[in-house]
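Single-structure report; data block below.
First the proteins, then the strands, lettered A, B, ... as listed; each starts at 1. Because the structure is a prediction, the values reported are computed rather than measured.
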Number of protein chains: 2
Amino acid sequence: MSYELHYWPTIQGRGEFVRLALEAAGAAYIDVARGAEDAGRGLPAMLRCLQDERLTTPPFAPPFLKDGNIVVGQTAAILNYLGPQLKLVARNEQARVWTQQIQLTIADMVTEAHDTHHPVGAGLYYEDQKPEALRRAKEFCAERLPKFLQWFERIVVRNPAGSRHLVGGKLSYADLSLFQLVEGLRYAFPKAAARALAQTPEVTQLHQRVAALPRVAAYLASERRIPFNEQGIFRHYPELDDGG
Amino acid sequence: MSYELHYWPTIQGRGEFVRLALEAAGAAYIDVARGAEDAGRGLPAMLRCLQDERLTTPPFAPPFLKDGNIVVGQTAAILNYLGPQLKLVARNEQARVWTQQIQLTIADMVTEAHDTHHPVGAGLYYEDQKPEALRRAKEFCAERLPKFLQWFERIVVRNPAGSRHLVGGKLSYADLSLFQLVEGLRYAFPKAAARALAQTPEVTQLHQRVAALPRVAAYLASERRIPFNEQGIFRHYPELDDGG
(Lines give C-alpha, C1' and ligand atoms only; values in the text may rest on other atoms or scores of the structure.)
Protein backbone atom coordinates (compact mmCIF):
# COMPACT_ATOMS: atom_id res chain seq x y z
CA MET A 1 0.00 0.00 0.00
CA SER A 2 1.19 3.50 -0.78
CA TYR A 3 1.99 6.11 1.82
CA GLU A 4 -0.13 9.25 1.58
CA LEU A 5 1.77 12.51 2.02
CA HIS A 6 -0.43 15.52 2.74
CA TYR A 7 1.13 18.93 2.15
CA TRP A 8 0.49 22.24 0.44
CA PRO A 9 0.67 21.50 -3.28
CA THR A 10 2.54 24.56 -4.59
CA ILE A 11 5.59 24.78 -2.33
CA GLN A 12 8.50 22.61 -1.20
CA GLY A 13 8.16 23.81 2.38
CA ARG A 14 8.49 21.39 5.24
CA GLY A 15 6.85 18.66 3.18
CA GLU A 16 9.96 18.49 1.01
CA PHE A 17 11.95 16.81 3.77
CA VAL A 18 9.44 13.97 3.71
CA ARG A 19 9.22 13.89 -0.10
CA LEU A 20 13.00 13.54 -0.30
CA ALA A 21 13.03 10.61 2.10
CA LEU A 22 10.27 8.82 0.20
CA GLU A 23 11.95 9.53 -3.15
CA ALA A 24 15.44 8.51 -2.02
CA ALA A 25 14.06 5.23 -0.71
CA GLY A 26 12.07 4.57 -3.87
CA ALA A 27 8.92 4.26 -1.75
CA ALA A 28 5.46 4.26 -3.30
CA TYR A 29 3.57 7.37 -2.19
CA ILE A 30 0.77 9.65 -3.20
CA ASP A 31 1.29 13.39 -2.87
CA VAL A 32 -2.39 13.83 -2.06
CA ALA A 33 -2.94 17.57 -2.39
CA ARG A 34 -1.20 17.59 -5.78
CA GLY A 35 -3.61 15.05 -7.18
CA ALA A 36 -6.75 15.70 -9.20
CA GLU A 37 -9.87 16.76 -7.37
CA ASP A 38 -12.05 14.61 -9.60
CA ALA A 39 -10.03 11.61 -8.44
CA GLY A 40 -10.79 12.49 -4.80
CA ARG A 41 -7.45 14.18 -4.24
CA GLY A 42 -6.24 17.75 -4.38
CA LEU A 43 -6.29 20.36 -1.64
CA PRO A 44 -9.89 19.55 -0.58
CA ALA A 45 -8.82 15.98 0.24
CA MET A 46 -6.04 17.26 2.48
CA LEU A 47 -8.33 19.71 4.25
CA ARG A 48 -11.01 17.06 4.72
CA CYS A 49 -8.43 14.88 6.40
CA LEU A 50 -7.16 17.73 8.62
CA GLN A 51 -10.70 18.53 9.71
CA ASP A 52 -11.89 14.94 10.14
CA GLU A 53 -13.51 14.91 13.58
CA ARG A 54 -13.23 11.14 13.91
CA LEU A 55 -9.45 11.35 13.83
CA THR A 56 -8.07 10.74 17.33
CA THR A 57 -4.59 11.95 16.35
CA PRO A 58 -5.34 15.05 14.25
CA PRO A 59 -2.21 16.85 13.02
CA PHE A 60 -1.79 20.48 14.02
CA ALA A 61 -0.72 21.41 10.49
CA PRO A 62 0.67 19.93 7.27
CA PRO A 63 2.81 18.05 6.47
CA PHE A 64 1.31 14.84 7.72
CA LEU A 65 1.64 11.26 6.59
CA LYS A 66 -1.02 8.58 6.39
CA ASP A 67 0.20 5.01 6.54
CA GLY A 68 -2.96 2.93 6.56
CA ASN A 69 -4.77 3.94 9.76
CA ILE A 70 -1.78 5.72 11.23
CA VAL A 71 -1.59 9.50 10.84
CA VAL A 72 1.65 11.24 11.80
CA GLY A 73 2.28 14.98 11.74
CA GLN A 74 5.34 17.12 12.48
CA THR A 75 8.16 16.71 9.97
CA ALA A 76 10.73 15.35 12.42
CA ALA A 77 8.22 12.87 13.87
CA ILE A 78 7.26 11.72 10.36
CA LEU A 79 10.92 11.07 9.53
CA ASN A 80 11.50 9.35 12.86
CA TYR A 81 8.52 7.12 12.04
CA LEU A 82 9.50 6.47 8.42
CA GLY A 83 13.23 6.07 9.07
CA PRO A 84 13.24 2.36 9.98
CA GLN A 85 10.65 1.47 7.32
CA LEU A 86 12.63 3.20 4.56
CA LYS A 87 15.98 2.03 5.96
CA LEU A 88 16.98 5.66 6.30
CA VAL A 89 18.14 5.38 9.90
CA ALA A 90 20.45 2.98 11.68
CA ARG A 91 18.85 0.24 13.74
CA ASN A 92 20.41 0.90 17.10
CA GLU A 93 18.58 3.23 19.44
CA GLN A 94 21.55 5.50 20.04
CA ALA A 95 22.03 6.24 16.34
CA ARG A 96 18.28 6.74 15.96
CA VAL A 97 18.23 9.32 18.75
CA TRP A 98 21.26 11.12 17.28
CA THR A 99 19.68 11.21 13.82
CA GLN A 100 16.53 12.68 15.34
CA GLN A 101 18.56 15.27 17.24
CA ILE A 102 20.23 16.40 14.00
CA GLN A 103 16.84 16.58 12.30
CA LEU A 104 15.45 18.76 15.09
CA THR A 105 18.41 21.10 14.74
CA ILE A 106 17.78 21.30 10.99
CA ALA A 107 14.13 22.08 11.83
CA ASP A 108 15.23 24.90 14.14
CA MET A 109 17.31 26.41 11.37
CA VAL A 110 14.42 26.07 8.91
CA THR A 111 12.18 28.00 11.31
CA GLU A 112 14.79 30.72 11.67
CA ALA A 113 15.21 30.93 7.89
CA HIS A 114 11.45 31.30 7.55
CA ASP A 115 11.31 33.98 10.21
CA THR A 116 13.75 36.18 8.28
CA HIS A 117 10.87 37.09 5.96
CA HIS A 118 8.13 36.77 8.60
CA PRO A 119 9.61 38.10 11.86
CA VAL A 120 6.35 39.69 12.97
CA GLY A 121 4.21 36.67 12.26
CA ALA A 122 2.91 34.36 9.57
CA GLY A 123 -0.44 36.14 9.42
CA LEU A 124 0.99 39.20 7.65
CA TYR A 125 2.55 39.50 4.21
CA TYR A 126 6.28 40.00 3.83
CA GLU A 127 5.54 43.38 2.33
CA ASP A 128 3.94 44.41 5.61
CA GLN A 129 7.01 43.58 7.70
CA LYS A 130 9.97 44.51 5.51
CA PRO A 131 11.87 46.74 7.99
CA GLU A 132 11.62 44.04 10.66
CA ALA A 133 12.66 41.40 8.11
CA LEU A 134 15.76 43.38 7.18
CA ARG A 135 16.88 43.50 10.80
CA ARG A 136 16.18 39.82 11.42
CA ALA A 137 17.86 38.68 8.17
CA LYS A 138 20.97 40.65 9.02
CA GLU A 139 21.46 38.70 12.24
CA PHE A 140 20.53 35.43 10.54
CA CYS A 141 23.09 35.86 7.74
CA ALA A 142 25.87 37.14 9.98
CA GLU A 143 25.44 34.93 13.04
CA ARG A 144 22.95 32.11 12.85
CA LEU A 145 23.61 30.74 9.36
CA PRO A 146 27.37 30.26 9.93
CA LYS A 147 26.81 28.97 13.46
CA PHE A 148 24.42 26.24 12.32
CA LEU A 149 26.54 25.24 9.30
CA GLN A 150 29.65 25.04 11.46
CA TRP A 151 27.85 22.68 13.81
CA PHE A 152 26.92 20.42 10.87
CA GLU A 153 30.54 20.57 9.69
CA ARG A 154 31.75 19.61 13.15
CA ILE A 155 29.49 16.58 13.44
CA VAL A 156 30.32 15.34 9.95
CA VAL A 157 34.03 15.65 10.68
CA ARG A 158 33.63 13.86 14.01
CA ASN A 159 31.55 10.97 12.65
CA PRO A 160 33.61 7.93 13.72
CA ALA A 161 32.50 6.10 10.55
CA GLY A 162 33.87 8.84 8.30
CA SER A 163 32.67 12.10 6.85
CA ARG A 164 30.60 10.71 4.01
CA HIS A 165 27.47 10.75 6.18
CA LEU A 166 26.12 12.52 9.22
CA VAL A 167 25.43 9.33 11.16
CA GLY A 168 27.42 6.11 10.82
CA GLY A 169 28.42 4.76 7.43
CA LYS A 170 25.05 4.85 5.69
CA LEU A 171 22.66 7.37 4.22
CA SER A 172 20.04 8.60 6.70
CA TYR A 173 17.11 10.97 6.43
CA ALA A 174 19.29 13.57 8.17
CA ASP A 175 21.69 13.58 5.18
CA LEU A 176 18.74 14.17 2.86
CA SER A 177 17.44 16.96 5.06
CA LEU A 178 20.83 18.63 5.26
CA PHE A 179 20.97 18.53 1.46
CA GLN A 180 17.59 20.27 1.32
CA LEU A 181 18.63 22.83 3.91
CA VAL A 182 21.73 23.76 1.89
CA GLU A 183 19.63 23.94 -1.29
CA GLY A 184 17.21 26.29 0.41
CA LEU A 185 19.89 28.50 1.90
CA ARG A 186 21.64 28.80 -1.46
CA TYR A 187 18.38 29.78 -3.10
CA ALA A 188 17.29 32.28 -0.49
CA PHE A 189 20.64 33.75 0.55
CA PRO A 190 23.10 33.05 -2.28
CA LYS A 191 25.76 35.45 -1.02
CA ALA A 192 25.50 34.67 2.69
CA ALA A 193 25.29 30.92 2.05
CA ALA A 194 28.31 30.94 -0.27
CA ARG A 195 30.34 32.79 2.32
CA ALA A 196 29.39 30.38 5.11
CA LEU A 197 29.71 27.23 2.99
CA ALA A 198 33.25 28.24 2.01
CA GLN A 199 34.08 27.48 5.65
CA THR A 200 32.31 24.11 5.70
CA PRO A 201 33.83 21.93 2.97
CA GLU A 202 32.51 18.62 4.33
CA VAL A 203 28.94 19.92 4.40
CA THR A 204 29.39 21.16 0.83
CA GLN A 205 30.64 17.75 -0.30
CA LEU A 206 27.91 15.88 1.54
CA HIS A 207 25.37 18.09 -0.26
CA GLN A 208 26.96 17.22 -3.62
CA ARG A 209 26.98 13.50 -2.90
CA VAL A 210 23.29 13.50 -1.93
CA ALA A 211 22.40 15.45 -5.08
CA ALA A 212 24.18 12.79 -7.16
CA LEU A 213 22.36 9.79 -5.66
CA PRO A 214 20.53 8.27 -8.64
CA ARG A 215 17.04 8.39 -7.12
CA VAL A 216 17.56 11.90 -5.74
CA ALA A 217 18.99 13.16 -9.04
CA ALA A 218 16.06 11.65 -10.94
CA TYR A 219 13.61 13.26 -8.53
CA LEU A 220 15.25 16.68 -8.72
CA ALA A 221 15.07 16.54 -12.53
CA SER A 222 11.42 15.48 -12.52
CA GLU A 223 8.22 17.50 -12.42
CA ARG A 224 7.57 16.10 -8.97
CA ARG A 225 10.16 18.55 -7.63
CA ILE A 226 8.39 21.88 -7.18
CA PRO A 227 10.76 24.78 -7.90
CA PHE A 228 11.62 27.14 -5.06
CA ASN A 229 9.34 30.18 -5.03
CA GLU A 230 8.35 33.13 -2.89
CA GLN A 231 5.46 31.37 -1.17
CA GLY A 232 7.65 28.77 0.53
CA ILE A 233 10.00 28.78 3.49
CA PHE A 234 13.13 29.66 1.53
CA ARG A 235 12.43 32.85 -0.40
CA HIS A 236 14.86 34.81 -2.47
CA TYR A 237 14.46 38.44 -1.51
CA PRO A 238 17.81 39.95 -2.55
CA GLU A 239 17.51 42.69 0.06
CA LEU A 240 17.59 40.06 2.83
CA ASP A 241 20.76 38.37 1.55
CA ASP A 242 23.53 39.95 3.55
CA GLY A 243 26.84 38.91 2.05
CA GLY A 244 28.79 40.72 4.77
CA MET B 1 23.81 6.19 38.25
CA SER B 2 22.31 9.66 38.10
CA TYR B 3 21.32 11.41 34.91
CA GLU B 4 23.16 14.66 34.29
CA LEU B 5 21.01 17.51 33.02
CA HIS B 6 22.95 20.39 31.51
CA TYR B 7 21.10 23.69 31.19
CA TRP B 8 21.45 27.39 31.99
CA PRO B 9 21.30 27.65 35.76
CA THR B 10 19.15 30.76 36.24
CA ILE B 11 16.12 30.13 34.04
CA GLN B 12 13.42 27.51 33.55
CA GLY B 13 13.70 27.75 29.79
CA ARG B 14 13.60 24.62 27.67
CA GLY B 15 15.45 22.69 30.36
CA GLU B 16 12.33 22.84 32.52
CA PHE B 17 10.52 20.33 30.32
CA VAL B 18 13.27 17.83 31.10
CA ARG B 19 13.44 18.77 34.81
CA LEU B 20 9.70 18.18 35.13
CA ALA B 21 9.95 14.72 33.58
CA LEU B 22 12.83 13.73 35.86
CA GLU B 23 11.07 15.15 38.93
CA ALA B 24 7.67 13.60 38.14
CA ALA B 25 9.34 10.20 37.72
CA GLY B 26 11.35 10.57 40.93
CA ALA B 27 14.54 9.98 38.92
CA ALA B 28 17.96 10.68 40.39
CA TYR B 29 19.60 13.52 38.47
CA ILE B 30 22.19 16.22 38.81
CA ASP B 31 21.35 19.69 37.52
CA VAL B 32 24.99 20.20 36.58
CA ALA B 33 25.22 23.94 35.89
CA ARG B 34 23.44 24.73 39.18
CA GLY B 35 26.06 22.83 41.17
CA ALA B 36 29.10 24.26 42.92
CA GLU B 37 32.14 25.06 40.83
CA ASP B 38 34.48 23.78 43.52
CA ALA B 39 32.73 20.43 43.23
CA GLY B 40 33.44 20.35 39.50
CA ARG B 41 29.97 21.54 38.52
CA GLY B 42 28.47 24.91 37.73
CA LEU B 43 28.34 26.70 34.41
CA PRO B 44 32.00 25.94 33.54
CA ALA B 45 31.25 22.20 33.72
CA MET B 46 28.39 22.60 31.24
CA LEU B 47 30.48 24.70 28.87
CA ARG B 48 33.39 22.24 29.08
CA CYS B 49 31.03 19.49 28.06
CA LEU B 50 29.53 21.54 25.19
CA GLN B 51 33.01 22.31 23.88
CA ASP B 52 34.50 18.86 24.39
CA GLU B 53 36.16 18.04 21.08
CA ARG B 54 36.19 14.31 21.76
CA LEU B 55 32.41 14.22 21.82
CA THR B 56 31.13 12.59 18.61
CA THR B 57 27.54 13.72 19.29
CA PRO B 58 28.01 17.31 20.48
CA PRO B 59 24.72 19.11 21.24
CA PHE B 60 24.02 22.29 19.31
CA ALA B 61 22.83 24.03 22.48
CA PRO B 62 21.54 23.34 26.00
CA PRO B 63 19.56 21.57 27.29
CA PHE B 64 21.33 18.28 26.92
CA LEU B 65 21.31 15.11 28.96
CA LYS B 66 24.16 12.81 29.83
CA ASP B 67 23.25 9.25 30.63
CA GLY B 68 26.57 7.50 31.13
CA ASN B 69 28.33 7.77 27.78
CA ILE B 70 25.22 8.84 25.91
CA VAL B 71 24.71 12.56 25.28
CA VAL B 72 21.35 13.72 23.93
CA GLY B 73 20.40 17.29 23.00
CA GLN B 74 17.16 18.88 21.77
CA THR B 75 14.36 18.92 24.33
CA ALA B 76 11.96 16.75 22.35
CA ALA B 77 14.68 14.19 21.57
CA ILE B 78 15.70 14.09 25.25
CA LEU B 79 12.10 13.37 26.26
CA ASN B 80 11.70 10.79 23.52
CA TYR B 81 14.85 9.12 24.86
CA LEU B 82 13.90 9.37 28.53
CA GLY B 83 10.22 8.49 28.07
CA PRO B 84 10.54 4.69 28.16
CA GLN B 85 13.16 4.76 30.93
CA LEU B 86 11.01 6.98 33.15
CA LYS B 87 7.77 5.21 32.16
CA LEU B 88 6.47 8.51 30.89
CA VAL B 89 5.37 7.21 27.50
CA ALA B 90 3.30 4.22 26.44
CA ARG B 91 5.17 1.18 25.17
CA ASN B 92 3.58 0.79 21.77
CA GLU B 93 5.24 2.57 18.87
CA GLN B 94 2.09 4.35 17.73
CA ALA B 95 1.51 6.00 21.10
CA ARG B 96 5.18 6.90 21.30
CA VAL B 97 5.07 8.65 17.92
CA TRP B 98 1.88 10.51 18.90
CA THR B 99 3.40 11.64 22.19
CA GLN B 100 6.44 12.92 20.30
CA GLN B 101 4.22 14.73 17.82
CA ILE B 102 2.42 16.53 20.65
CA GLN B 103 5.77 17.44 22.22
CA LEU B 104 7.00 18.92 18.93
CA THR B 105 3.84 21.02 18.68
CA ILE B 106 4.41 22.25 22.24
CA ALA B 107 7.99 23.09 21.18
CA ASP B 108 6.68 25.09 18.22
CA MET B 109 4.46 27.11 20.52
CA VAL B 110 7.33 27.66 22.95
CA THR B 111 9.43 29.07 20.10
CA GLU B 112 6.61 31.38 19.06
CA ALA B 113 6.12 32.54 22.68
CA HIS B 114 9.85 33.29 22.85
CA ASP B 115 9.79 35.18 19.59
CA THR B 116 7.16 37.60 20.89
CA HIS B 117 9.93 39.33 22.84
CA HIS B 118 12.70 38.56 20.36
CA PRO B 119 11.16 38.84 16.88
CA VAL B 120 14.30 40.35 15.36
CA GLY B 121 16.67 37.81 16.82
CA ALA B 122 18.12 36.41 20.02
CA GLY B 123 21.31 38.45 19.64
CA LEU B 124 19.61 41.74 20.55
CA TYR B 125 18.00 42.81 23.81
CA TYR B 126 14.23 43.07 24.09
CA GLU B 127 14.66 46.79 24.63
CA ASP B 128 16.21 47.04 21.17
CA GLN B 129 13.24 45.43 19.41
CA LYS B 130 10.19 46.66 21.32
CA PRO B 131 8.15 47.97 18.36
CA GLU B 132 8.65 44.69 16.50
CA ALA B 133 7.81 42.76 19.67
CA LEU B 134 4.54 44.64 20.08
CA ARG B 135 3.47 43.70 16.56
CA ARG B 136 4.46 40.06 16.92
CA ALA B 137 2.85 39.68 20.37
CA LYS B 138 -0.42 41.10 19.07
CA GLU B 139 -0.70 38.33 16.49
CA PHE B 140 0.49 35.71 18.98
CA CYS B 141 -2.13 36.65 21.58
CA ALA B 142 -4.98 37.07 19.12
CA GLU B 143 -4.34 34.18 16.74
CA ARG B 144 -1.63 31.71 17.66
CA LEU B 145 -2.20 31.26 21.38
CA PRO B 146 -5.91 30.35 21.01
CA LYS B 147 -5.18 28.21 17.93
CA PHE B 148 -2.59 26.09 19.73
CA LEU B 149 -4.66 25.75 22.93
CA GLN B 150 -7.72 24.72 20.95
CA TRP B 151 -5.70 21.99 19.28
CA PHE B 152 -4.62 20.67 22.68
CA GLU B 153 -8.25 20.82 23.84
CA ARG B 154 -9.33 18.89 20.75
CA ILE B 155 -6.84 16.08 21.24
CA VAL B 156 -7.60 15.74 24.97
CA VAL B 157 -11.31 15.54 24.21
CA ARG B 158 -10.72 12.97 21.47
CA ASN B 159 -8.43 10.73 23.52
CA PRO B 160 -10.19 7.36 23.32
CA ALA B 161 -8.97 6.52 26.84
CA GLY B 162 -10.59 9.63 28.31
CA SER B 163 -9.70 13.25 28.84
CA ARG B 164 -7.54 12.84 31.93
CA HIS B 165 -4.41 12.56 29.78
CA LEU B 166 -3.18 13.58 26.36
CA VAL B 167 -2.19 10.05 25.31
CA GLY B 168 -3.92 6.90 26.53
CA GLY B 169 -4.84 6.40 30.16
CA LYS B 170 -1.51 7.22 31.78
CA LEU B 171 0.64 10.23 32.51
CA SER B 172 3.18 10.99 29.74
CA TYR B 173 5.90 13.58 29.37
CA ALA B 174 3.52 15.44 27.02
CA ASP B 175 1.10 16.04 29.92
CA LEU B 176 3.96 17.46 31.98
CA SER B 177 5.06 19.67 29.09
CA LEU B 178 1.52 20.94 28.50
CA PHE B 179 1.35 21.83 32.21
CA GLN B 180 4.58 23.82 31.84
CA LEU B 181 3.36 25.52 28.68
CA VAL B 182 0.17 26.69 30.42
CA GLU B 183 2.20 27.87 33.43
CA GLY B 184 4.44 29.89 31.15
CA LEU B 185 1.59 31.40 29.14
CA ARG B 186 -0.20 32.42 32.32
CA TYR B 187 2.95 34.06 33.61
CA ALA B 188 3.85 35.87 30.40
CA PHE B 189 0.41 36.72 29.06
CA PRO B 190 -2.03 36.60 32.01
CA LYS B 191 -4.85 38.35 30.18
CA ALA B 192 -4.50 36.63 26.80
CA ALA B 193 -3.97 33.21 28.42
CA ALA B 194 -7.02 33.60 30.69
CA ARG B 195 -9.17 34.51 27.71
CA ALA B 196 -7.97 31.54 25.64
CA LEU B 197 -8.06 29.04 28.53
CA ALA B 198 -11.68 29.98 29.25
CA GLN B 199 -12.42 28.23 25.95
CA THR B 200 -10.35 25.12 26.77
CA PRO B 201 -11.73 23.62 30.01
CA GLU B 202 -10.11 20.20 29.54
CA VAL B 203 -6.65 21.72 29.09
CA THR B 204 -7.27 23.82 32.21
CA GLN B 205 -8.23 20.73 34.22
CA LEU B 206 -5.32 18.70 32.92
CA HIS B 207 -3.01 21.49 34.02
CA GLN B 208 -4.54 21.42 37.51
CA ARG B 209 -4.25 17.64 37.79
CA VAL B 210 -0.57 17.70 36.82
CA ALA B 211 0.13 20.49 39.34
CA ALA B 212 -1.46 18.34 42.06
CA LEU B 213 0.62 15.21 41.39
CA PRO B 214 2.54 14.68 44.65
CA ARG B 215 6.03 14.69 43.12
CA VAL B 216 5.23 17.66 40.85
CA ALA B 217 3.66 19.62 43.72
CA ALA B 218 6.70 18.91 45.91
CA TYR B 219 9.03 20.02 43.14
CA LEU B 220 7.11 23.23 42.45
CA ALA B 221 7.25 24.13 46.14
CA SER B 222 10.98 23.40 46.38
CA GLU B 223 14.00 25.57 45.73
CA ARG B 224 14.81 23.39 42.75
CA ARG B 225 12.03 25.16 40.84
CA ILE B 226 13.52 28.39 39.51
CA PRO B 227 10.90 31.18 39.48
CA PHE B 228 9.89 32.61 36.11
CA ASN B 229 11.90 35.69 35.27
CA GLU B 230 12.66 38.06 32.41
CA GLN B 231 15.72 36.16 31.18
CA GLY B 232 13.76 33.04 30.26
CA ILE B 233 11.46 32.07 27.42
CA PHE B 234 8.23 33.16 29.11
CA ARG B 235 8.66 36.79 30.12
CA HIS B 236 6.05 39.02 31.63
CA TYR B 237 6.16 42.29 29.75
CA PRO B 238 2.67 43.73 30.39
CA GLU B 239 2.77 45.72 27.15
CA LEU B 240 2.94 42.44 25.17
CA ASP B 241 -0.08 40.88 26.89
CA ASP B 242 -2.96 41.65 24.58
CA GLY B 243 -6.19 40.80 26.37
CA GLY B 244 -8.23 41.66 23.29
Side-chain angles (χ1 to χ4, degrees), chain A residues 53-61 64 69-78 80-81 93-94 96-98 100-105 107-109 111-112 115-116 119-124 128-129 131-133 135-140 142-144 147-148 151-152 154-155 158-160 167, chain B residues 53-61 64 69-78 80-81 84 93-94 97-98 100-105 107-109 111-112 115-116 119-124 128-129 131-133 135-140 142-144 147-148 151-152 154-155 158-160 167:
Chain A
E53 293 186 6
R54 294 161 306 174
L55 209 55
T56 56
T57 60
F60 181 74
F64 57 95
N69 288 324
I70 298 176
V71 179
V72 186
Q74 283 281 358
T75 311
I78 298 171
N80 196 31
Y81 172 82
E93 184 66 12
Q94 209 171 326
R96 221 185 140 183
V97 170
W98 176 230
Q100 178 72 351
Q101 192 180 325
I102 298 168
Q103 187 66 39
L104 289 171
T105 308
D108 283 347
M109 193 180 183
T111 296
E112 293 194 23
D115 286 359
T116 59
V120 176
L124 293 170
D128 296 326
Q129 47 190 303
E132 294 92 341
R135 291 190 75 190
R136 174 114 190 192
K138 197 173 170 64
E139 182 183 296
F140 180 78
E143 308 289 340
R144 303 298 289 171
K147 184 177 174 174
F148 275 105
W151 183 75
F152 295 117
R154 197 177 314 141
I155 65 173
R158 291 194 198 168
N159 181 357
V167 184
Chain B
E53 293 185 7
R54 295 160 306 174
L55 209 56
T56 55
T57 60
F60 181 74
F64 57 96
N69 288 326
I70 298 175
V71 179
V72 187
Q74 284 282 0
T75 312
I78 298 170
N80 196 31
Y81 172 82
E93 184 65 12
Q94 209 171 327
V97 170
W98 176 230
Q100 179 71 352
Q101 192 180 325
I102 298 169
Q103 187 67 38
L104 289 171
T105 308
D108 284 347
M109 192 179 184
T111 296
E112 293 193 23
D115 286 358
T116 57
V120 176
L124 294 170
D128 296 326
Q129 48 189 305
E132 295 91 342
R135 290 189 76 190
R136 173 113 191 194
K138 199 174 168 65
E139 182 183 296
F140 179 78
E143 308 291 339
R144 304 298 288 171
K147 184 176 175 178
F148 275 105
W151 183 75
F152 295 117
R154 197 178 312 140
I155 64 174
R158 291 192 197 169
N159 181 355
V167 185

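- For the set N159(A), V120(A), T116(A), I102(A), the entry with the most heavy-atom pairs within less than 4.5 Å of chain B is V120(A).
- Within the 4.5 Å cutoff, side-chain heavy atoms of R158(B) are placed close to those of L55(A).
- Heavy atoms closer than 4.5 Å to chain B are found in both the backbone and the side chain of L124(A).
- When all heavy atoms are compared, the tightest approach of V97(A) to Y81(B) is CG2-CD1, 4.0 Å.
- When heavy atoms are compared at a cutoff of 4.5 Å, V167(A) does not approach chain B at all.
- Inter-residue side-chain proximity for I70(B) and E93(A) is flagged as unmet; no heavy-atom pair is nearer than 4.5 Å.
- Considering only heavy-atom pairs separated by less than 4.5 Å from chain B, the leading option among R54(A), K147(A), Q103(A), Q129(A) is K147(A).
- Of all heavy-atom pairs between L104(B) and A76(A), the closest is CD1-CB, 4.2 Å.
- Between the CZ atom of R135(B) and the CD atom of E132(A) there is a distance of 4.5 Å, given to the nearest 0.5 Å.
- In terms of heavy atoms, R136(B) sits closest to D115(A) at NH1-OD2, 3.9 Å.
- T56(A) OG1 to R154(B) CZ: the interatomic distance, rounded to the nearest 0.5 Å, is 13.0 Å.
- Evaluation of the side chain to side chain contact (heavy atoms under 4.5 Å, CB included) rule for P131(B) yields no partner, not counting sequence neighbours.
- Under the 3.5 Å distance criterion, the side-chain polar atoms of Q101(B) are matched with a main-chain donor or acceptor of G73(A).
- Heavy-atom pairs under 4.5 Å with chain B peak, among A77(A), G121(A), A61(A), P119(A), at P119(A).
- Annotation: side chain of D108(A) is not in contact with side chain of T111(B) (no heavy-atom distance under 4.5 Å).
- Counting only distance, with no hydrogens or angles, the side chain of E143(B) and the backbone of G123(A) share no donor-acceptor pair below 3.5 Å.
- A perpendicular orientation is assigned to the rings of F60(A) and W151(B), their planes being inclined by more than 60° (bins at 30° and 60°).
- Looking at Q94(A), the atoms closer than 4.5 Å to chain B (heavy atoms on both sides) all sit in the side chain, from C-beta outward.
- A search for salt bridge (charged side-chain N to carboxylate O under 4.0 Å, His left out) contacts involving E112(B) returns R144(B), not counting sequence neighbours.
- For chain B, no part of K138(A) is nearby; none of its heavy atoms comes within less than 4.5 Å.
- The CG atom of N80(B) lies 7.5 Å from the CZ atom of R96(A); values are rounded to the nearest 0.5 Å.
- Neither the backbone nor the side chain of F140(A) comes within less than 4.5 Å of any heavy atom of chain B.
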